[in-house]
Every structure is written in C-alpha cells, then in structure tokens.
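Notes follow once the structure below has been shown.
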Amino acid sequence: MQAFVYTSYPGRVVFGAGRLQSLAEEVERLGARRALVLSTPEQRDTAARVAEALGDRAAGIDDRAAMHVPIEIAVAARERAQALGADCCVAVGGGSTIGLGKAIALTSGLPIVAVPTTFAGSEMTAIWGLTENGEKKTGRDSAVLPRTVIYDPAMVRSLPAAVAAVSGMNAIAHCVEALYAVDANPIVSMIAEEGIRALAESLPVIVGDGTGLVQADDDALARAQYGAWLAGTALNGASMALHHKLCHTLGGSFDLPHAPTHTVVLPYATAYNRDAAPLAMRRIESALGAFGRGDAAAGLLALAQALHAPTTLAAIGMPQEGIARAAEIAARNQYPNPRPIERAAIEALLTRAWHGSAP
Ligand code: NAD
C-alpha cells in the first residue's frame, strides 16, 4: 500500500427525518444562548420558521446571504451579529448562506450550526470564500468548519428540481476530483466513491422530469443528503484540481452560475484526465452504476442528461469568443492535476463543453 497522510476533522452530524426539531438542543450543546439565523432573502420564510423553533435562543435573522459572499454583506452581517450579542450562527441554506456563516466565523470565531438545504456540501468544509471588487478569494481555516450539521430531508423539500440537479452534480464534482487528487488517500477515496454512488442513485428519483419541486419520499432525499455530506467531506479532505479551477475561472471571469457551470464542465474535465488517472476513472464508473457505461466522463454526461440539467456552456451564458481567454487564464498557473495543464488542450475541452460534444 502506498504511504499517505489523512487528517480527520471534528464535527457533529445529526441526520434524518425530523431532526431539525433538535436544533435548540444542538445550539445549547455548543454552550450558545443567542443564535443569529442566516438565510438568503428567498429563504426568509424558512429562516423565520427555524428562528421560531429556536424560541428564546434566536437573537434575530439576517437574510442577506448572496452567491459568492460579497465582502460588504459579510462585514454588515458580522456587525449585526455583534450588535445583537449573538454567540452562534445558524446557517439555513445552501453554499451561499453557509458561506456567510463562515465569513462571520472567520474573524469572530462564532460557532456555526449548519442546516443545509441544497447538496453543495459546504457545511462539511473548512473552506471559506469572499468576493471583493469582483474577485473571489478562498482559503482554509478550521474556525469556519461548522461545529454541528443537521441534515433533515424536510429542508430540501422546497428545492426546485432543476436546482437539486445541478447542486447534486456540484457535489459529485467534489467526489470525482478527490479520487484523483495529488493528496488522495484511501479513506477520502472511499468516502468519495460512496458519495457518487449515493447521489447517482438518488438524484434521478428526486429530480423526476426536472420540473417543479423535488418529488420523492424522505428516504431518497435523505440518501442525496448523505451523498452531499460525503461529497463535502471529500472536498475538505483532498486538493481539488482542473475541474474546480476551471469552474472558478468561468464563474469569476464570465459570471457563469456556480452549480450549472460545475454540471456542464464535469464530464469534460473528467475526460481530460481520463488516461492519466485510470484507477479513479474505474471507481467513478463503478459508483455511477447504470450510468457508468464503461467510461466515467460519458457516464457523468449521461447522468446530467437524465437529470435534465444544462449540458453545454452555450446554454448557461458562456460567450463563444471567451473560450480562448478562459483557456489562457486557466493555464496561467500550473497546479497539481493528473494530466499537465496545457493551454491548447484546455481550449479544446472548453470548445467541446460549449457545444456539448461527446466528452
Ligand atoms: P445557493 O446557496 O446559492 O442557493 C441557490 C438558490 O437556491 C438561492 O436562491 C437559495 O435561496 C435557493 N435555495 C436553496 N435551498 C433551497 C430550498 N431548499 N428551497 C428553496 N430554495 C432554496 O446554492 P449552492 O449551490 O448551495 O451554493 C453555491 C455557493 O456555495 C457558491 O458560492 C459556491 O462557491 C459555494 N460553495 C462553497 C463550498 C465550500 O466548501 N466553501 C462548497 C460548495 C459550494
């Protein structure tokens, strides 16, 4: 067996139908008495229900969470937490809301209880992100890792099927890259493979025909949440490579939406690494089950199609004339990836992804 390094991170997970009811107890367990509930403006009603469940342990609601955590919002929320005398944050939402909790924790150290409502997996990572003057900075700090995570399928029932699909593919991307990471190790690989399996099984059931809200029983929703948990753990436990860097470039320079970009790029980034990471490819194929089809990249595209998710960069607003610039930016810095980052090959990858050609 090859030598490796594995770091385990602390965290408590409270999982299953009805578990949101233990939120007040979980806040108390952290020794906190005044929780600031965080949400996006769209999820204000959900935040209000959560605050109500917290009773006198709720210090207030801040519903300003927004994609990629703009620094002005983070600073304002931090000041609000301080003004309210909050000693903990309860982040109810997806990666954007949990990201706001992390931005508060980064400088204040306030513990976070996360109640995820998407499958992005941010609740399981010590990775923070902040956007200042149009540029997103990310970093790792153990202070931002949520102390407690409550996964309750009731919290994803209101998710539009189309959002569930791309959010789930975003989670699968964490697992795929963990499997061929420069610092991959058997523990994180096992978690990543199981994450893909749980998501590939459950997402088609809960997404249905891709319209309306998610449609499934608690069991399927919980299985997708379990997959998201594992995906976040994989993201936290291994370095990300070409796929995440490319998505970061496309999101930052062309303002493409986060989860749909991950969904479109994933089959093509996987194909780029196909010959350089054969073991990882076999594990992805196997975890994709019926979608595997003997090729990991083709299997990921088949899954995205089955989820009625976008599968071309053109469909999510990428200008065709921006491809060369995106390849240039992506190839500017070398970073660990199974196959070296070559500008011309990245441009070819993006061109195929723009058209939705076979990966
Ligand atoms: P999101 O949090 O931006 O949510 C997308 C939209 O869906 C929002 O309007 C939100 O209010 C709504 N929504 C969320 N859950 C809902 C529900 N159950 N019912 C109805 N509406 C709901 O989306 P996301 O994909 O979860 O997060 C994306 C962000 O998270 C990006 O900024 C990304 O960079 C970040 N992220 C960070 C990490 C990390 O480890 N730091 C990991 C993954 C993603």
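Indexing begins at 1, ligand by ligand and atom by atom, following the structure's order. Hydrogens, waters and symmetry mates play no part in the numbers below; they use all other heavy atoms, side chains included. This is a predicted model, so every value here is computed, not measured.
- Near Thr125, with a cut-off below 4.0 Å to any heavy atom, the atoms of ligand 1 are 39 (C), 40 (O), 41 (N).
- Residue contact check: Gly94 has heavy atoms under 4.0 Å from atoms 2 (O), 26 (O) of ligand 1.
- At a cut-off of 3.5 Å, with distance as the only test, a side-chain donor of Asn273 or Tyr180 sits close to an acceptor on the other residue.
- Looking only at heavy atoms of the protein, atom 38 (C) of ligand 1 is closest to Ser122 CB, 3.5 Å.
- Between Ser158 and ligand 1, at least one N/O pair is under 3.5 Å apart.
- Polar contact with ligand 1: present for Thr117 (N/O pair, distance under 3.5 Å).
- Closer than 4.0 Å to atom 6 (C) of ligand 1 lies none of the heavy atoms of the protein.
- In the vicinity of His258, heavy-atom distances shorter than 4.0 Å reach the ligand 1 atoms 28 (C), 31 (C), 33 (C), 34 (O), 44 (C).
- The two residues Ala105 and Val144 come nearest to each other via the heavy atoms CB-CA, 4.2 Å.
- Considering both main-chain and side-chain atoms, Val163 never comes within under 3.5 Å of ligand 1 through any nitrogen or oxygen pair.
- Closest to atom 41 (N) of ligand 1, if we only count protein heavy atoms, is Ile127 O, 2.9 Å.
- Counting heavy atoms from C-beta outward, Ser39 and Thr46 have side chains that stay 4.5 Å or more apart.
- Judged as a ring pair (Phe, Tyr, Trp, His ring centres under 6.0 Å), and not counting sequence neighbours, the contacts of His244 are His174, His262.
- Although no hydrogens or angles enter the test, the distance criterion places a donor-acceptor pair under 3.5 Å between the side chain of Asp152 and the main chain of Gly18.
- Residue, atom and distance of the protein heavy atom nearest to atom 24 (P) of ligand 1 are Gly95 N, 3.5 Å.
- Annotation: atom 4 (O) of ligand 1 to nearest protein heavy atom, Thr118 CG2, 4.4 Å.
- If you take CG on Leu313 and OH on Tyr268, they are separated by 8.5 Å, rounding to the nearest 0.5 Å.
- The contact set between ligand 1 and His68, taken as ligand atoms under 4.0 Å from a residue heavy atom, comprises 31 (C), 32 (O), 34 (O).
- For the pair Asp87 (side chain) and Arg33 (backbone), a donor-acceptor distance under 3.5 Å is present.
- Between His174 and ligand 1, no N or O atom pair is found at a separation short of 3.5 Å.
- Close approach to Met155 involves these atoms of ligand 1, each under 4.0 Å from a residue heavy atom: 18 (N).
- Both the backbone and the side chain of Ser96 come within 4.0 Å of ligand 1, judged by heavy-atom distances.
- For the pair Ala120 and ligand 1, the shortest N or O to N or O distance does not fall below 3.5 Å.
- Side-chain atoms of Arg80 come within 3.5 Å of backbone N or O of Ile61 as a donor-acceptor pair.
- Lys102 contributes a side-chain N or O that, together with a main-chain N or O of Thr125, makes up a donor-acceptor pair within less than 3.5 Å.
- Judged by distance alone, the side chains of Thr107 and Arg78 do bring a donor and an acceptor atom under 3.5 Å apart.
- Residue, atom and distance of the protein heavy atom nearest to atom 9 (O) of ligand 1 are Glu42 OE1, 3.2 Å.
- Side-chain atoms of Thr117 and Gln43 include a donor-acceptor pair closer than 3.5 Å.
- Residue contacts with ligand 1, taken as heavy atom pairs separated by less than 4.0 Å, involve Lys136 solely via side-chain atoms from C-beta onward.
- Between the Glu177 side chain and the His243 main chain, a donor and an acceptor come within less than 3.5 Å of each other.
- Shown here, atom 31 (C) of ligand 1 is in close reach of the protein: a heavy atom of it lies under 4.0 Å off.
- Taking each of His262, Gln43, Arg44 in turn, the one with a heavy atom nearest to atom 14 (C) of ligand 1 proves to be Gln43.
- Residue Leu235 touches ligand 1 through its side chain alone, judged by heavy-atom distances below 4.0 Å.
- No more than 12 heavy atoms of other residues, nucleotides or ligands lie within 6.0 Å of CG in Asp275, so this atom counts as exposed by the packing criterion.
- Residue Thr270 forms a side chain to side chain contact (heavy atoms under 4.5 Å, CB included) with just one option from Val176, Asp295, Val265, Leu242, and that option is Val176.
- The distance from ligand 1 to the heavy atoms of Met67 drops below 4.0 Å at these ligand atoms: 3 (O), 28 (C), 29 (C), 31 (C), 32 (O).
- Taking a cut-off of under 4.0 Å to the non-hydrogen atoms of Lys102, the atoms of ligand 1 that pass are 39 (C), 40 (O), 41 (N).
- Within ligand 1, counting atoms from 1 as listed, the ones closer than 4.0 Å to a heavy atom of Thr40 are 10 (C), 11 (O).
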